[in-house]
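Structure first, commentary second.
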Amino acid sequence: MTSPMLQVRGLHAQYGPTRVLHGIDFDVKTGGITTILGANGAGKTTTLRAMCGMVRTQGEVSLAGERIDGKATESIVRMGVAHVPDGRGTFMHLTVEENLRLGAYTRSDKDAVQADFERMYGWFPRLRERRKQQAGTLSGGEQQMLAVSRALMLRPRLLLLDEPSFGLAPRIVAELFEIFGEIRAKEGTSMLLVEQNAALALKLADDAYLLETGKVVISGSAESIRNDEAVRRSYLGY
Ligand code: ATP
């Protein structure tokens with residue numbers, strides 16, 4: 001059996017003395033999309049940060065069978081994990097093009113990097129129109145598109161997405177999520193998606209985990225979670 005793209009076992013995380021994750025397990029299948037749902041403060045952002053060595057952890061995190069827990073963020077990035085943080089993390093004073101170039105900083109295949117600019121503008125044509133503009137002048141939706149594109153410039157095996165819908169108009173969110181589905185289908189990128197918008201996330205994902213105060217309380221296929229009585233009542237509102 002081949003290893004999943006991401007396998008997490010017994011993950012604990014803490015900030016100083018504050019324990020936030022209490023031994024969680026989850027997988028992202030190769031080429032699959034897994035979503036982690038949960039209320040504010042449940043530990044979703046911390047889970048993503050733990051994947052790329054940005055918080056103190058215990059437990060096992062494996063990328064395609066290779067342990068990455070305890071490695072430096074830089075090494076994890078070089079192994080193909082790209083993070084789109086909450087708040088997007090684009091460099092506001094740099095242009096769209098400069099932001100994209102930074103996304104490829106670990107790559108030495110310069111010709112392919114050049115071709116990937118076109119690939120990104122193919123996914124997000126509005127970024128091509130704005131390629132010489134400072135990121136700070138873009139709309140919220142365009143900034144999120146830029147943050148995702150910058151992460152994709154790494155040619156990641158695993159894309160970590162932190163609340164990509166946050167603060168965006170429903171029409172833009174729908175567009176963005178449709179593109180996530182297409183990127184997975186055409187490029188086979190595995191994704192770990194953290195979302196408060198459970199309905200949206202469950203439509204895109206294959207598998208889902210519900211986090212409450214740092215523990216997984218429900219897990220299964222996205223379809224089974226969508227039909228779970230408690231999830232429907234608390235997170236889907238019907
Ligand atoms: P949100 O949707 O509000 O971001 P979340 O599920 O992503 O929620 P986390 O951001 O992972 O939750 O936070 C989990 C817990 O960890 C919260 O109680 C939060 O206050 C705490 N926490 C987060 N970041 C830090 C930090 N840098 N130092 C100390 N505690 C933190």
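Each ligand, and each atom within it, is numbered from 1 in the order the structure gives.
At a 4.0 Å cut-off, not a single heavy atom of Thr18 sits close enough to ligand 1 to count as contact. Ligand 1 has no atom lying under 4.0 Å from any heavy atom of Gly16. Residue contacts with ligand 1: Arg49 is excluded, as none of its non-hydrogen atoms falls under 4.0 Å. For the pair Gly38 and ligand 1, no heavy-atom separation below 4.0 Å is found.
Counting protein heavy atoms only, atom 12 (O) of ligand 1 is closest to Gly43 N, 3.2 Å. Among protein heavy atoms, atom 1 (P) of ligand 1 sits closest to Asn40 OD1, 3.6 Å. The shortest contact between atom 16 (O) of ligand 1 and any protein heavy atom is with Val20 CG2, 3.3 Å. Closest protein heavy atom to atom 13 (O) of ligand 1: Thr46 OG1, 3.8 Å. What sits closest to atom 10 (O) of ligand 1 on the protein, heavy atoms only, is Thr45 CB, 3.5 Å. The single protein non-hydrogen atom nearest to atom 29 (C) of ligand 1 is Tyr15 CB, 3.4 Å, given as residue, atom name and distance.
Between Asp116 and Arg155 there is a salt bridge, with a side-chain nitrogen of the basic residue lying less than 4.0 Å from a carboxylate oxygen of the acidic one.
Protein heavy atoms are found less than 4.0 angstrom from atom 25 (C) of ligand 1.
Side-chain contact between Phe91 and Leu102 is present, with heavy atoms from C-beta onward closer than 4.5 Å. Within the 4.5 Å cutoff, the side chain of Val61 has no heavy atoms near those of the Arg67 side chain.
The number of heavy-atom neighbours closer than 6.0 Å to CD of Glu223, taken from other residues, nucleotides and ligands shown, is 12 or below. Taking a 6.0 Å sphere around CD of Glu187, one finds it holds more than 12 heavy atoms contributed by other residues, nucleotides or ligands. Counting non-hydrogen atoms of other residues, nucleotides and ligands closer than 6.0 Å to OH of Tyr121 gives a total above 12.
Atom numbering of ligand 1 starts at 1 in the shown order; those under 4.0 Å from a heavy atom of Gln196 are 2 (O). Annotation for ligand 1: atoms under 4.0 Å from non-hydrogen atoms of Ala39 are 6 (O). Near Ala42, the atoms of ligand 1 lying under 4.0 angstrom from a non-hydrogen atom of the residue are 5 (P), 6 (O), 12 (O). Below 4.0 Å from some heavy atom of Gly41 lie the following atoms of ligand 1, by number and element: 1 (P), 3 (O), 5 (P), 6 (O), 8 (O), 12 (O), 14 (C), 15 (C), 17 (C). Per-residue contacts place Glu163 under 4.0 angstrom from the following atoms of ligand 1 (heavy atoms of the residue considered): 2 (O). Atoms of ligand 1 found under 4.0 Å from any heavy atom of Lys44 (numbered from 1 in listed order, with element): 2 (O), 5 (P), 6 (O), 7 (O), 8 (O), 11 (O), 12 (O).
When atom types are taken as modelled, the side chain of Arg78 and the backbone of Ser75 share no donor-acceptor pair closer than 3.5 angstrom.
Under the 4.5 Å side-chain heavy-atom criterion for Ile, Leu, Val, Met, Phe, Trp and Tyr, Leu154 and Met120 are members of distinct hydrophobic clusters.
A side-chain donor from one of Asp162 and Thr45 sits under 3.5 Å from a side-chain acceptor of the other.
When the options Leu211, Val194, Val20 are evaluated for a side chain to side chain contact (heavy atoms under 4.5 Å, CB included) with Thr46, the one that passes is Val20.
Contact detail for Thr30 and Ser3: the closest heavy-atom pair is OG1-O, 3.6 Å.
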